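Note that this is a predicted model, so its numbers are computed, not measured. In this chain, residues are counted from 1 in sequence order. Below, all heavy atoms of this structure are taken into account, side chains as well, without hydrogens, waters or symmetry copies.
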Amino acid sequence: MNTLTKKIVRRLQIIEGQVRGLREMVEKDKYCIDIITQSSAVKQGLSNVEDMLMEGHLSHCVVKQIQDGSTKKAVGEILKVYKLKRK
């Protein structure tokens, strides 16, 4: 497992714990603002994971696609992710 993969897995483990905590907060009928704050932290964590994945994809896969002459495919993937991030 490479360094980036290890970092992503670690972050996902943290997010997994946050989601479990979020579920417990809802089950225990905790204060709404506290639940919303925790939910925001989970969303930010997932966004950070997406950013890490995108950086890895751009710096390795897309570069390789362009070097191999698959420029159209590389551009298509970049645009797809860009559109997903805008939603």
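- Each of Leu22, Val19, Ile33 was checked for a side-chain contact (heavy atoms from CB on, under 4.5 Å) with Gln38, and the lone residue meeting it is Leu22.
- By the 4.5 Å side-chain criterion applied to Ile, Leu, Val, Met, Phe, Trp and Tyr, Met1 is assigned to a cluster that also includes Val9.
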* Begin from the C-alpha positions of Gln44 and Asn48 and carry the test side-chain hydrogen bond (donor to acceptor under 3.5 Å, both in side chains) through to its verdict. => CA-CA 6 Å; Gln44 184 61 49; Asn48 290 341; 3.1 Å; yes

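- In this structure Glu55 satisfies the salt bridge (Lys or Arg N to Asp or Glu O under 4.0 Å) test with no other residue, sequence neighbours excluded.
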* I would like to know whether Thr5 and Asn2 meet side-chain hydrogen bond (donor to acceptor under 3.5 Å, both in side chains); could you show each step before the answer? => CA-CA 5 Å; Thr5 301; Asn2 66 41; 2.9 Å; yes

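- With rounding to the nearest 0.5 Å, the separation of CD1 in Ile8 from CD in Glu50 is 11.0 Å.
- Checked for salt-bridge contact, Arg20 and Glu24 miss the test: no charged N lies under 4.0 Å from a carboxylate O.
- The structure places CD1 of Ile14 at 4.0 Å from CZ of Arg10, a figure rounded to the nearest 0.5 Å.
- Judged by distance alone, the side chain of Ser39 and the main-chain N or O of Ile35 form no donor-acceptor pair under 3.5 Å.
- When atom types are taken as modelled, the side chain of His60 and the backbone of Gly56 share a donor-acceptor pair closer than 3.5 angstrom.
- Considering every non-hydrogen atom in both Ala74 and Gln65, the closest pair reads CA-OE1, 3.1 Å.
- Cluster note: Leu58 groups with Met54, Val62, Ile66, Ile78, Val81 through ILVMFWY side-chain heavy atoms spaced under 4.5 Å, whether in direct contact or through intervening members.
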